[in-house]
Each structure stands twice: as structure tokens, then as C-alpha cells.
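Working notes for the structure below.
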Amino acid sequence: MHMTRRTFLGYAAGAVTTGLHGLPGRRVDVRRSVVLLHLSQHACESVAGYTGTLANSGTRLLHAKPSSVPRCAVLIVPAALCIRPALRAIVTCLADEATVILESGASFAANPAFRAHRAELRDFLQVHVDAPVRLWTAGSGRQRIPYVDYTWPNPAKVRDFSRMVPLARQPGEIIAWIEGVPVGLKRQIGRGTLIFLGSPLGPALWAGDAEARRWLLASLPLLH
């Protein structure tokens with residue numbers, strides 16, 4: 001899907017004026033549903049982690065492709081690398097007062113793929129990231145396991161899986177850190193809320209991390 005910045009801004013304007021009528025998909029209760037957006041076949045661990053956690057919590061969970069995102073309270077985009085196909089769904093959900101959790105999948109990306117990922121975040125969502133950082137390697141002599149320290153909505157400490165995409169200085173609330181480096185951002189965009197995670201949460205959920213589960217459920221507005 002080719003999308004210029006002008007096209008993206010057109011989607012945003014259309015979403016504000018017309019709501020979600022342009023998006024296919026069956027109508028659901030916007031106050032209760034969470035939509036898990038499938039962007040990549042390489043996101044299987046993250047998808048499994050979010051699916052298991054939300055299904056066990058009793059949350060109304062729907063799975064969708066970029067072309068068929070229904071109305072929802074929360075849109076989760078796990079392990080996202082090429083964001084462009086999901087942009088219309090993201091901006092439309094934000095315009096409809098939804099929360100969008102965008103989990104970066106660029107930690108292990110090759111340089112060209114990461115550069116494209118960074119450019120899409122910058123140009124379309126005004127999220128600025130730096131190059132991925134390797135936290136520890138085999139034989140490095142490092143003994144400490146890296147953890148993500150979340151400060152919102154509740155304090156939580158979640159194990160990181162060796163690489164992160166750090167955030168550059170920018171507007172918004174930093175909600176997660178790894179050893180003093182910002183990796184989580186919360187920002188109001190229009191009437192909605194964008195949460196960007198530079199350290200993937202899905203694999204920790206898949207591994208059964210209790211802190212990761214508590215953080216995710218606390219962050220969902222429909223459970224409050």
C-alpha cells in the first residue's frame with residue numbers, strides 16, 4: 001500500500017468529520033472491545049501473548065487485518081515494523097477516542113527496514129526513535145538481566161528480551177525506561193491516546209510474565 005503524507009492527512013481529516021463509517025467490519029460495542037491488528041507473520045509471539053492475556057481476562061477480543069478494522073475502544077498493533085498498511089486504521093481509531101498501543105517490532109530489523117520504520121513513525125505519527133540498542137550479549141560478562149521500568153498507569157518491572165528501540169526527546173509522557181533510557185511514550189493525538197512501546201511487551205506476555213499482564217490490563221481504559 002503506497003501512502004504519502006498528504007494521503008495520511010486526508011485520512012485523518014476524513015476520520016474526524018465522518019467517524020468510522022469508511023472502515024469495513026461488523027459493528028461492535030466501542031466501550032468494551034479490543035482489536036488485535038495482524039500486520040506481520042513474524043509477530044506470532046506477540047500476537048499469542050496479547051491473545052492469551054486478554055482472552056483469560058474476559059475482555060472482548062477481536063482479530064483483524066488492516067483492511068477490516070472494526071470500531072473499538074483499544075487497537076493493539078503488535079511487533080509492528082512496516083506501519084504503513086495500518087495507518088488508516090490507527091488514525092481513524094485515534095479520531096474516535098480510542099487508545100492505540102503500537103508495539104515496535106524493529107529491535108532486530110536490518111538497517112534498511114529500521115530506517116523505513118523510523119521514517120514512518122516520524123512522518124505520520126510524529127514519534128521519534130533512535131537506532132536499536134543491544135542490551136546484553138552472550139559472553140559479554142554482563143550479569144544483570146535488563147528490565148523495563150513502567151511508571152504508568154502503575155509501576156511495573158518487566159523483563160526485556162535483549163534489544164530495544166529507544167525514544168528521542170519529544171512531546172508526550174515517557175511511561176517506560178530501561179536503565180534510564182526512555183522506551184515507552186503516551187501521547188494524546190486528537191481525541192485518542194497513542195501508546196508507543198519500544199520494548200515489545202507481547203513476548204513477555206507469551207512467556208507468562210505476571211508484571212507484564214498486570215501492566216497491560218491496567219492500561220486498558222475499558223477495564224476502568
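Atoms CD1 and CD1, on Ile90 and Ile101 in that order, are 12.0 Å from each other to the nearest 0.5 Å. Interatomic distance, Leu87 CG to Asp123 CG, rounded to the nearest 0.5 Å: 10.0 Å. Taking CG of Leu197 as the reference point, atom CG of Leu102 lies at 8.0 Å (rounded to 0.5 Å). In this structure, CG on Asp209 lies 8.0 Å from CG on Leu201, to the nearest 0.5 angstrom. Note that the CG atom of Leu94 and the CD atom of Gln188 stand 9.0 Å from one another [nearest 0.5 Å]. Distance CD1/Ile83 to CG/Leu37: 11.0 Å, rounded to 0.5 Å.
The shortest heavy-atom contact between Asp149 and Lys157 is OD1-NZ, 2.5 Å. Residues Trp177 and Pro182 approach most closely at CE3-N, 3.6 Å, considering heavy atoms. The shortest non-hydrogen separation linking Val148 to Ser199 is CG2-OG, 3.4 Å. Leu81 and Gly105 get closest at one heavy-atom pair: CD1-O, 4.2 Å. Taking each heavy atom of Ser107 and Arg163 in turn, the nearest pair found is O-NE, 2.6 Å. Nearest heavy-atom pair, Ala204 versus Val158, reported as atom, atom and distance to 0.1 Å: CB-CG1, 3.6 Å.
Between Lys186 and Glu173 there is a salt bridge, since a side-chain N of the basic residue sits under 4.0 Å from a carboxylate O of the acidic one.
Using a 4.5 Å heavy-atom cutoff, the side chains of Cys72 and Leu62 are not in contact. Proximity of Val127 to Gln170: side-chain heavy atoms (C-beta onward) are separated by under 4.5 Å at one or more points. Put simply, the side chain of Leu39 reaches to within 4.5 Å of the side chain of Pro66, judged on heavy atoms. Residues Cys82 and Glu120 are in side-chain contact: their nearest non-hydrogen atoms beyond the backbone lie under 4.5 Å apart. The shortest distance between side-chain heavy atoms of Leu54 and Leu216 falls below 4.5 Å. Residues Ser46 and Pro203 are in side-chain contact: their nearest non-hydrogen atoms beyond the backbone lie under 4.5 Å apart. Side chains of Pro171 and Gln126 form no contact here, defined as non-hydrogen atoms less than 4.5 Å apart. Proximity of Ile174 to Leu185: side-chain heavy atoms (C-beta onward) are separated by under 4.5 Å at one or more points.
Geometrically, Arg187 does not engage Phe196 in a cation-pi contact, judged by NZ or CZ lying under 6.0 Å from the ring centre and within 45° of the ring axis.
Using a 30° and 60° split on the angle between ring planes, Tyr150 and Trp215 fall in the tilted class, from 30° to 60°.
A donor-acceptor pair under 3.5 Å is absent between the side-chain atoms of Thr59 and the main chain of Leu61, judged by distance alone. No donor-acceptor pair under 3.5 Å is formed between the side chain of Thr51 and the backbone N or O of Ala48. A distance-only check finds a donor-acceptor pair linking the side chain of Asn56 to the backbone of Gly52 [under 3.5 Å].
Both Val129 and Phe124 belong to a single network of hydrophobic side chains, linked directly or stepwise wherever heavy atoms of I, L, V, M, F, W or Y lie under 4.5 Å apart. Cluster annotation: Phe108 and Phe114 are assigned to distinct hydrophobic clusters (Ile/Leu/Val/Met/Phe/Trp/Tyr, side-chain heavy-atom contacts under 4.5 Å, transitive). Note on Trp206 and Leu217: separate hydrophobic clusters, where clusters join Ile, Leu, Val, Met, Phe, Trp and Tyr whose side-chain heavy atoms are under 4.5 Å apart, directly or indirectly.
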Open item on the list: Please determine whether side chain to side chain contact (heavy atoms under 4.5 Å, CB included) holds for the pair Met164 and Val181, giving the CA-CA distance in whole Å, both sets of side-chain angles, and the decisive distance to 0.1 Å.
Closed with: CA-CA 10 Å; Met164 64 175 175; Val181 178; 3.7 Å; yes

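Between Glu211 and Tyr147, the side chains place no donor N or O within less than 3.5 Å of an acceptor N or O (distance only, hydrogens not considered).
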